[in-house]
Amino acid sequence: MLKFTENIELSKLTSIGLGGRAKLFCECDTDDKLAECIKYADENKIPFYILGGGSNTVFSDNGFDGLVIKINIRGIQVHNEFRDNVILNAGAGEDWDALVKYCVESSYTGLECLSGIPGSAGATPIQNVGAYGQEVKDVIMFVKTLDRRTMKPVMFSNEDCLFAYRTSRFKTIDKGKYIVTNVMFRLKINGEPDIKYKELDDYIKTKTDLYRLKECKGKLETVRNAVIEIRKSKSMVLDPADADSRSCGSFFVNPLLKEDELQKLKAVYEEIPVFPAGQYFKISAARLIENSGFMKGFTKNGAGISSKHTLALVNKGCTAYDLIALADEISAKVYEKYGVKLEKEPVLAGF
Ligand SMILES: Cc1cc2nc3c(=O)[nH]c(=O)nc-3n(C[C@H](O)[C@H](O)[C@H](O)COP(=O)(O)OP(=O)(O)OC[C@H]3O[C@@H](n4cnc5c(N)ncnc54)[C@H](O)[C@@H]3O)c2cc1C
C-alpha cells in the first residue's frame with residue numbers, strides 16, 4: 001500500500017537544506033511499490049522527482065509542484081564469490097557510505113576511496129560518483145532499472161551505462177527515463193588498494209606504511225580512515241556541527257577542455273594546472289573561481305563558498321534563489337575572464 005504525505009518540507013530532505021514544500025511525497029521500498037507510484041503519477045498527470053539521499057539536489061524555494069518519490073529499496077546481497085572476485089548487489093536505497101564500510105570490513109577492495117560520500121547507492125551511477133582516484137564506473141557491473149515508460153525492468157551493463165567523468169547515459173541521453181533499483185558491483189576479495197591520488201598517498205604515508213600491513217581489511221580501513229579525515233578537513237563529510245558541510249559537495253564540475261579550448265585558456269592563464277583525461281584536458285574549476293575573485297569564505301545574501309573548499313557552495317542562511325544567483329555570478333565571472341563555461345553538478349528541481 002502506498003502512503004502519500006502532503007505538503008512535505010523539502011529542505012529537511014536535502015543536505016543543503018533548501019527548498020519549499022512538495023505537494024506529495026511517497027517513499028518506495030520495493031520495485032513493485034515504485035512501479036505503482038509512477039503509475040499513480042502518470043494516471044493523475046502529476047510530475048514526479050526521484051530522490052535518493054538528497055545530497056546532490058537543490059529544490060526551488062517554490063518547492064516541487066508534484067510528487068517526490070524517495071527510493072528506499074534496501075538490501076545488500078553477496079551474489080557470487082568467484083576466485084578473487086565478489087559480485088555484490090545493493091538496493092538503490094542503501095546508504096552509500098554504509099555500503100562502502102561494509103565492503104571495507106568484508107575485505108572487498110574497490111570502493112574504499114569513495115568513503116564518506118553522502119547519498120544512496122542508486123544515485124552513484126547517475127553521475128559516476130568519484131573521489132580520490134576512484135570512480136564507481138571502475139567496479140559497477142550492472143545497473144538494474146525500471147523503465148518509466150514501459151514499467152519493465154531493464155538491465156544495463158557497465159559499457160551500456162556510457163560512463164564518463166561525472167556523467168552517464170542516465171544524466172544525458174536517457175535523463176529521467178530510467179529509475180535505478182539495484183546496482184551490482186564486482187569487487188576484489190583481499191585485493192591491494194590502488195592509491196592513485198597523490199594527496200591521499202602522501203597523507204597515508206604520514207600515518208603508516210600501508211604496504212607493510214598484512215591484512216587486507218587493515219589496509220582498506222587505513223585508506224577509508226585517511227579519506228574520511230581528509231574529507232572532514234575540507235567539510236566534505238556531512239556533519240550537523242560543521243556549517244561548511246551544509247552543501248551539495250562540489251557545486252561545479254571540473255571543466256574538460258578540447259585541445260583548442262585549452263590553448264585559448266593558456267593564452268590568458270598560462271600556469272593553470274592541466275590533467276590529461278582521454279581526449280580532453282581536465283582543469284581545476286577551483287583555480288578559475290579563485291582567480292576570478294571568489295575566495296573561500298566569500299558570502300553574499302547568506303549563500304557562500306565553503307571556508308575550506310572553493311567548489312562547495314554553502315547554505316549559510318540563504319534561499320535557493322540566493323544560492324543559484326551566487327553560482328550564476330561565479331560562472332559569469334569565470335566565463336568573462338577565461339571563456340570557460342562552468343557546469344553545475346547538483347540537480348536543480350522545481351525551478
Ligand atoms: C558533503 C558532500 C560531499 C560530496 N562529495 C562527493 C564526491 O566526492 N564525489 C561525488 O561524485 N559526489 C559527491 N557529492 C555529491 C553527492 O553526494 C553524490 O552525487 C551522490 O551520489 C548523490 O546521491 P543522493 O542519493 O543523495 O542523490 P540525490 O540528491 O537524491 O539525487 C541526485 C540525482 O540522482 C537522481 N537519482 C537519485 N536516486 C536515483 C535512482 N535510484 N534512480 C534514478 N535517479 C536517481 C535524482 O533524481 C537526481 O537527479 C557530495 C555531496 C556532499 C553533500
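Counting starts at 1 for both ligands and their atoms, in listed order. For reference, positions follow the sequence shown, starting with 1.
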Trainee: Should we say atom OH of Y165 is surrounded by more than 12 heavy atoms from elsewhere, each under 6.0 Å from it?
Mentor: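 Yes, because the 6.0 Å sphere around OH of Y165 holds more than 12 heavy atoms from other groups.
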
Trainee: Report all N/O contacts between ligand 1 and the protein shorter than 3.5 Å as a table of atom names and distances to 0.1 Å; if there are none, say 'none'.
Mentor:
{"from": "ligand 1", "atom 1": "5 (N)", "to": "R231", "atom 2": "NH2", "distance (Å)": "2.7"}
{"from": "ligand 1", "atom 1": "8 (O)", "to": "R231", "atom 2": "NH1", "distance (Å)": "3.1"}
{"from": "ligand 1", "atom 1": "8 (O)", "to": "R231", "atom 2": "NH2", "distance (Å)": "3.2"}
{"from": "ligand 1", "atom 1": "9 (N)", "to": "G130", "atom 2": "O", "distance (Å)": "2.8"}
{"from": "ligand 1", "atom 1": "11 (O)", "to": "Q127", "atom 2": "NE2", "distance (Å)": "3.2"}
{"from": "ligand 1", "atom 1": "11 (O)", "to": "G130", "atom 2": "N", "distance (Å)": "3.2"}
{"from": "ligand 1", "atom 1": "12 (N)", "to": "Q127", "atom 2": "NE2", "distance (Å)": "3.3"}
{"from": "ligand 1", "atom 1": "17 (O)", "to": "S55", "atom 2": "OG", "distance (Å)": "2.8"}
{"from": "ligand 1", "atom 1": "17 (O)", "to": "P118", "atom 2": "O", "distance (Å)": "3.0"}
{"from": "ligand 1", "atom 1": "19 (O)", "to": "N56", "atom 2": "ND2", "distance (Å)": "3.1"}
{"from": "ligand 1", "atom 1": "19 (O)", "to": "Q127", "atom 2": "NE2", "distance (Å)": "2.8"}
{"from": "ligand 1", "atom 1": "25 (O)", "to": "G53", "atom 2": "N", "distance (Å)": "2.7"}
{"from": "ligand 1", "atom 1": "25 (O)", "to": "S120", "atom 2": "N", "distance (Å)": "2.9"}
{"from": "ligand 1", "atom 1": "25 (O)", "to": "S120", "atom 2": "OG", "distance (Å)": "2.7"}
{"from": "ligand 1", "atom 1": "26 (O)", "to": "G53", "atom 2": "N", "distance (Å)": "3.3"}
{"from": "ligand 1", "atom 1": "26 (O)", "to": "G54", "atom 2": "N", "distance (Å)": "3.0"}
{"from": "ligand 1", "atom 1": "26 (O)", "to": "S55", "atom 2": "N", "distance (Å)": "2.7"}
{"from": "ligand 1", "atom 1": "26 (O)", "to": "S55", "atom 2": "OG", "distance (Å)": "2.6"}
{"from": "ligand 1", "atom 1": "29 (O)", "to": "S55", "atom 2": "N", "distance (Å)": "3.2"}
{"from": "ligand 1", "atom 1": "29 (O)", "to": "N56", "atom 2": "N", "distance (Å)": "2.8"}
{"from": "ligand 1", "atom 1": "29 (O)", "to": "T57", "atom 2": "N", "distance (Å)": "3.4"}
{"from": "ligand 1", "atom 1": "29 (O)", "to": "T57", "atom 2": "OG1", "distance (Å)": "2.7"}
{"from": "ligand 1", "atom 1": "30 (O)", "to": "G52", "atom 2": "N", "distance (Å)": "2.7"}
{"from": "ligand 1", "atom 1": "30 (O)", "to": "G53", "atom 2": "N", "distance (Å)": "3.4"}
{"from": "ligand 1", "atom 1": "30 (O)", "to": "G54", "atom 2": "N", "distance (Å)": "2.9"}
{"from": "ligand 1", "atom 1": "41 (N)", "to": "V180", "atom 2": "O", "distance (Å)": "3.0"}
{"from": "ligand 1", "atom 1": "42 (N)", "to": "V180", "atom 2": "N", "distance (Å)": "2.8"}
{"from": "ligand 1", "atom 1": "47 (O)", "to": "I50", "atom 2": "O", "distance (Å)": "2.6"}

Trainee: Decide, yes or no, whether a salt bridge links D328 with K344 under the criterion of side-chain N to carboxylate O below 4.0 Å.
Mentor: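 Salt bridge between D328 and K344, a charged N being under 4.0 Å from a carboxylate O: yes.
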
Trainee: Output all residues satisfying side-chain hydrogen bond (donor to acceptor under 3.5 Å, both in side chains) with E229, sequence neighbours left out; order by chain, then residue number.
Mentor: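 Once residues adjacent in sequence are excluded, the partners of E229 under the side-chain hydrogen bond (donor to acceptor under 3.5 Å, both in side chains) criterion are Y203.
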
Trainee: Who passes side-chain hydrogen bond (donor to acceptor under 3.5 Å, both in side chains) against K12, sequence neighbours left out?
Mentor: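 Partners of K12 under the side-chain hydrogen bond (donor to acceptor under 3.5 Å, both in side chains) test: E9.
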
Trainee: Should F281 and L265 count as side-chain neighbours, where that means a heavy-atom distance under 4.5 Å?
Mentor: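 No - every pair of side-chain heavy atoms lies 4.5 Å or more apart.
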
Trainee: Can you list the residues that meet the salt bridge (Lys or Arg N to Asp or Glu O under 4.0 Å) rule with K232, with sequence neighbours excluded?
Mentor: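 By the salt bridge (Lys or Arg N to Asp or Glu O under 4.0 Å) rule, K232 matches no residue at all.
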
